[in-house]
Structures are given as structure tokens and as C-alpha cells.
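What follows is a set of notes on a single structure, which appears directly below.
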Amino acid sequence: QVQLVESGGGLVQAGASLRLSCAASGLTFSNYAMGWFRQKPGKEREFVAVISRSDGTIYSDSVKGRFTISRDNAKNTVYLEMNSLKPEDTAVYYCGASRLTTQLIWQYNYWGQGTQVTVSS
């Protein structure tokens with residue numbers, strides 16, 4: 001049974017940093033690209049970042065230069081380092097696992113339950 005468990009969310013002030021973690025089990029982690037998505041209140045889930053099996057990365061324009069995605073295959077964990085946080089980054093953040101290095105939500109096979117990030121102004 002595949003499980004993705006996010007952690008590290010919280011309430012911070014604008015300009016602060018947070019690091020999200022997503023621990024995976026039940027799958028061969030190194031065989032999957034890992035992505036982060038977020039869902040703002042009343043909005044659809046949107047792409048944030050993805051890291052390929054070979055550590056290639058893609059970011060959305062809204063987070064490029066502020067967020068960094070990384071992975072540790074020995075720990076079956078993907079991270080999202082978020083710096084210079086803005087109120088518009090407030091959302092539930094989800095990690096996903098895909099056979100493809102993709103920004104397309106429907107190409108993800110597995111999802112975590114999400115972790116709330118709230119940035120106050």
C-alpha cells in the first residue's frame with residue numbers, strides 16, 4: 001500500500017521560510033518523479049515544482065527563485081524548501097508521485113493528504 005505523508009506546514013509571517021517534507025512508503029521511490037502541488041481556498045490544485053528521478057527540476061513561475069525541491073532516495077523523502085514566503089503562498093500543499101516528470105495533475109499516480117501553509121501579512 002502506497003503512502004505519501006506530508007509534514008512541515010504551519011503559520012508563518014511574510015518573508016519567513018518553511019521546509020515541507022513528504023515521506024513515501026510502499027513504492028520504489030527512486031523510480032518516481034515527485035511533485036509538489038498546492039490548492040488555495042476556492043481554487044483548483046496547481047503545480048508548484050517537480051523533481052525527476054535524476055534530480056532534474058521544474059518550477060512554476062510563481063515560486064521560481066524562492067522555492068527549492070530536493071529528494072533523498074535513501075530516506076524515501078522529497079522536500080520543498082520555501083523562502084521569502086508571501087501571503088499568496090497560503091494553501092494546502094500536496095506531494096505526488098508520478099512515473100513521468102510532469103506538471104500535469106492527472107499524470108500523478110499517488111497523493112499525500114496535504115499540509116496547510118498559512119502566511120500572514
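- Within the structure, side chain to side chain donor-acceptor pair (under 3.5 Å) pairs that include any residue of residues 7-25 comprise S17-N83 (at least two apart or interchain).
- W111 places none of its side-chain heavy atoms less than 4.5 Å from the side chain of E6.
- V12 meets the side-chain contact (heavy atoms from CB on, under 4.5 Å) test with A16, L18, L85, V119; sequence neighbours excluded.
- Atoms OG1 and CD, from T102 and Q107 in turn, are 3.5 Å apart once rounded to the nearest 0.5 Å.
- Two residues are said to be in side-chain contact when any heavy atoms from C-beta on lie closer than 4.5 Å; C22 and W36 meet this criterion.
- V117 places a side-chain heavy atom less than 4.5 Å from the side chain of L20.
- Applying the side-chain hydrogen bond (donor to acceptor under 3.5 Å, both in side chains) criterion to R71, with sequence neighbours excluded, gives N73.
- One finds the OH atom of Y32 at 15.5 Å from the OG atom of S52 (value rounded to the nearest 0.5 Å).
- No side-chain heavy atom of F47 sits less than 4.5 Å from a side-chain heavy atom of R38.
- Using a 4.5 Å heavy-atom threshold, the side chains of Q39 and Y94 count as touching.
- Rounded to the nearest 0.5 Å, atoms SG (C95) and CD1 (I51) are 13.0 Å apart.
- Looking only at side-chain heavy atoms (C-beta outward), M82 and Y93 come within less than 4.5 Å of each other.
- Considering only residues two or more places apart in sequence or on other chains, K40 meets the side-chain hydrogen bond (donor to acceptor under 3.5 Å, both in side chains) condition with none of them.
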Apply side chain to side chain donor-acceptor pair (under 3.5 Å) to the pair T118 and Q116, showing each step before the final yes or no. CA-CA 6 Å; T118 303; Q116 176 71 48; 3.3 Å; yes

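- No path of Ile, Leu, Val, Met, Phe, Trp and Tyr side chains, each step under 4.5 Å between heavy atoms, connects L80 with V50, placing them in separate hydrophobic clusters.
- Within the hydrophobic cluster formed by Ile, Leu, Val, Met, Phe, Trp and Tyr side chains joined at under 4.5 Å, directly or through other members, L100 stands alone, with no partner residue.
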Run the side-chain contact (heavy atoms from CB on, under 4.5 Å) test on Q3 and L27 for me, step by step, so that the C-alpha distance in whole Å, both residues' side-chain angles and the decisive distance to 0.1 Å come before the verdict. CA-CA 8 Å; Q3 280 194 309; L27 76 171; over 6 Å; no

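- Nearest heavy-atom pair, A14 versus S121, reported as atom, atom and distance to 0.1 Å: CB-CA, 4.4 Å.
- With T77 contributing its side chain and K75 its backbone, the two residues share a donor-acceptor pair below 3.5 Å.
- Residues Y108 and G96 approach most closely at CD2-C, 3.4 Å, considering heavy atoms.
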Could you please spell out the steps behind the side-chain contact (heavy atoms from CB on, under 4.5 Å) verdict for L4 and M34? CA-CA 10 Å; L4 303 179; M34 298 298 296; 4.2 Å; yes

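- Within 6.0 Å of CZ on R53 lie no more than 12 heavy atoms contributed by other residues, nucleotides or ligands.
- Within the 4.5 Å cutoff, no side-chain heavy atoms of T115 are placed close to those of V92.
- Contact of the K86 side chain with the R66 side chain is registered, since non-hydrogen atoms from C-beta on lie closer than 4.5 Å.
- Listed by first and then second residue, the ring-ring contact (aromatic ring centres under 6.0 Å, His included) pairs involving residues 58-92 amount to none (not counting sequence neighbours).
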